[in-house]
Amino acid sequence: MKSKKKEIEAEFEQAVIAQGSTGMIKGYQKAVGCIMGKLTQEERDAAAKQADEWNEEQPLAEVQAK
């Protein structure tokens, strides 16, 4: 499953909300929800599988850093 970080950042750019601003903090869950709503069933299944794996073991350090 690829990261959706860039898509989330694009949501804020489109809404003209600066990174790290109060508006970003307030709107983060909404932006994530919007992106999640666009996922295909295959992408949702892959994300659920990855979440299960990460709950069993920690994600790689480079993934945690992002």
Side-chain angles (χ1 to χ4, degrees):
M1 171 94 199
K2 71 176 190 163
S3 172
K4 297 292 183 178
K5 181 179 178 183
K6 290 183 183 187
E7 291 177 47
I8 293 168
E9 290 171 351
E11 287 283 324
F12 287 113
E13 287 178 18
Q14 184 177 359
V16 192
I17 298 174
Q19 293 286 329
S21 70
T22 303
M24 181 182 179
I25 294 168
K26 288 180 180 178
Y28 188 79
Q29 189 63 41
K30 183 178 178 182
V32 170
C34 181
I35 299 299
M36 294 296 288
K38 296 176 185 177
L39 295 178
T40 65
Q41 186 60 47
E42 183 178 288
E43 288 173 315
R44 281 192 282 269
D45 291 344
K49 180 181 176 189
Q50 189 172 55
D52 289 341
E53 290 172 2
W54 286 0
N55 285 330
E56 293 294 320
E57 311 173 4
Q58 288 185 334
L60 300 174
E62 61 266 14
V63 173
Q64 290 182 39
K66 292 181 182 181

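Since the structure is predicted, the reported quantities are computational estimates derived from the model, not experimental observations. Residue numbers start at 1 and run along the sequence shown.
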Show me the donor-acceptor pairs, under 3.5 Å and distance only, between side chains in residues 27-36 and residues at least two apart or in other chains.
none

Q | Distance, nearest 0.5 Å, that separates CD1 of I8 from CD of E13 | A | 12.5 Å
Q.
Tell me the closest heavy-atom pair linking L39 and K4, and the distance in Å.
A. CD2-CE, 3.4 Å
Residues in side-chain contact (heavy atoms from CB on, under 4.5 Å) contact with [X], at least two apart in sequence or another chain:
X	value
K26	T22
Q14	none
T40	E42, E43

(Q) Tell me every residue that passes side-chain hydrogen bond (donor to acceptor under 3.5 Å, both in side chains) with E56, counting only those two or more places apart in sequence or in another chain. (A) none
(Q) Under the rule for salt bridge (charged side-chain N to carboxylate O under 4.0 Å, His left out), what residues qualify as partners of K38, not counting sequence neighbours? (A) E11
